[in-house]
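Here the structure is laid out as C-alpha cells; the discussion comes afterwards.
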Amino acid sequence: MDKLLSNGSIVGSLPEDYVFPPELRPGNLKIPFGSNIPVIDLHEANHEAKSNTIQKIINASEEFGFFQVINHGISLNLMSEVRGVLKELFEMPAEEKQKLCSNDPSKTCKMFTSSVNYATEKVHLWRDNFRHPCHPLEQWQHLWPQNPTRYRECVGLFSVEVKKLASRILSLIGEGLGLKCGYFDNDVSGSVLLSINHYPPCPEPSLTLGITKHSDPNLITILLQDHVCGLQVLKDGNWIAVEPIPNAFVVNVGYQLQIISNGKLRSAEHRVVTNSHESRTSAAFLVGPTNDCLIEPAQALIDEHHPAIFRSFKYKEFLYCYGAKLDDVGKVLKSFETHKN
Ligand SMILES: O=C(O)CCC(=O)C(=O)O
Ligand SMILES: [Fe+2]
C-alpha cells in the first residue's frame, strides 16, 4: 500500500505515476456554470405540484442522468456534522489512517490511495478513498472506525436518512415511469456502499484526475459534496461542471436504473478534476441491488414497439464485469444488451 495522499502539502511537481496520457488529461478545468444540471425542490413533491416534480426528475434523468435536490428534508445540522467528521477522518495523523488501510480484498471497510487496483493500474488517481457498506446498519456499523469518535454515530444516522431519501426519489421515479408501487423496494435497492473521496490540492491539475470518466454500476447515487468544484458530467460530448450548492445532494442514475428503465433513463459518464489550492471531500452513497437480485428491464416498459434492450442477469454478474473492465467501463453495458444473448 502506497502512502496516503491526504496530509501531503504540495511539494514540487506531480509524481510521474499520476500523469495521464495526453488524450486522457482533463483539458478544460474551469467550466462556467452555464448549462448546469437541473435543481429539483423536493418540498414541492409533498404538494399538488407532485406530478410536476416527478416530470422534472424524469426529464433530468433522461437528459442529463444527473440532478441536484434541495429541500430534501435531511437535517442541515446533521449534514454539517457529517462534513466535520469526514474532514476529521482525513486530517487524522498518517499512522491512524494507515490502520484503516488493507490489501485484503475481502475486507469491506478500508482506506486506500487511488483505487483498489493500485498495484496494477497504469496511472494513479489523485485521491484517497475510504469506503464501507452501510445497510442494514446493524450488520455493518460495528466494523466502522472508532476514530474519529463520532464517526459511527454520525455516519450511521446520516446513512439511514440518505437511504430514506434514495427510496423517496426512487418511488417518484417509479411513479414517473409507470411502474407498480414499491418496484424499487427491497432487494433492488437493498445495498448501500458509502464511498468517501478526498482530493488533496494537486501540484499539476491539468495532468491528472481525481476520478476518471465512469458511470456508476449501481441503481442510484446520492452524493454529498462540499463547497469545492471538481465534479463534471459528460453531456452531448461536452463536460459540464456540477455547481456546489450549499446543502443540496447531487443525484445520479446508475447503470441498473438505465437497464430497468429499458434505456429511458441514462447513467451519465462523469469524472472529477483536481485543483491546486483547496482539498475537496465528497461522500457518495451508492444505493444498489443485493448481489443475487435479478435485474431486467421492467415488464411495464416492454411491448411490441419497445422490446427489451437488455437481458436478465444477477447483479453480481454485472459487478464482476464492471470490475474486470475498469479500463473501459463504457463497454460493460454492451455485454448486457439482448442481441448479445
Ligand atoms: O467526488 C465526486 O464528486 C464524485 C465521486 C464519484 O463519482 C463516485 O464516487 O463514483
Ligand atoms: Fe461516480
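Counting starts at 1 for both ligands and their atoms, following the listed order.
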(message) Please check: side-chain N/O of H214 versus main-chain N/O of T212, any donor-acceptor pairing under 3.5 Å?
(response) yes
(message) Is it the case that the side chain of T338 and the backbone of A308 share a donor-acceptor pair, with hydrogens and angles ignored and the cut-off at 3.5 Å?
(response) yes
(request) Step through it carefully: locate the ring centre of W140, locate the ring centre of H135, and say whether they are under 6.0 Å apart. (result) no
(message) I'd like to know whether the aromatic ring centres of F90 and F130 sit less than 6.0 Å apart in this structure.
(response) no
At under 4.0 Å between heavy atoms, which part of [X] makes contact with ligand 1: side chain, backbone, both or neither?
{"X": "V242", "value": "neither"}
{"X": "D216", "value": "side chain"}
{"X": "L286", "value": "neither"}

(request) Within a distance under 4.0 Å of any heavy atom of Y199, pick out the atoms of ligand 1 and give their elements. (result) 1 (O), 2 (C), 5 (C)
(request) Just jot down the ligand 1 atoms closer than 4.0 angstrom to any heavy atom of A284, in number order. (result) 9 (O)
(request) Determine whether more than 12 heavy atoms belonging to other residues, nucleotides or ligands lie under 6.0 Å from atom CD of E278. (result) yes
(request) Determine which of the N, O or S atoms in D216 is closest to the Fe ion (ligand 2) and give its atom name. (result) OD1
If you measure from each heavy atom of [X] to ligand 1, is any distance below 4.0 Å?
{"X": "R280", "result": "yes"}
{"X": "H270", "result": "yes"}
{"X": "H214", "result": "yes"}

(message) Please list the nearest protein heavy atom to atom 6 (C) of ligand 1 with its residue and the distance rounded to 0.1 Å.
(response) I211 CD1, 3.7 Å
(message) Tell me the protein heavy atom at minimum distance from atom 4 (C) of ligand 1, and give that distance in Å.
(response) V272 CG2, 3.7 Å
(request) Report the member of N197, T212, N129 with the shortest heavy-atom distance to atom 5 (C) of ligand 1. (result) N197
(request) Indicate yes or no: does R311 engage E317 in a salt bridge with an N to O separation below 4.0 Å. (result) yes
(message) Using 30° and 60° as the class boundaries, would you call the ring planes of F318 and Y315 parallel, tilted or perpendicular?
(response) parallel
(message) Both conditions, 6.0 Å and 45 degrees, for the charged tip of K56 above the ring of F67: are they met here?
(response) no
(request) Establish, from distance only, whether the side-chain atoms of H124 and E121 form a donor-acceptor pair under 3.5 Å. (result) yes
(request) Give yes if a backbone or side-chain nitrogen or oxygen of S282 is under 3.5 Å from a nitrogen or oxygen of ligand 1, and no if not. (result) yes
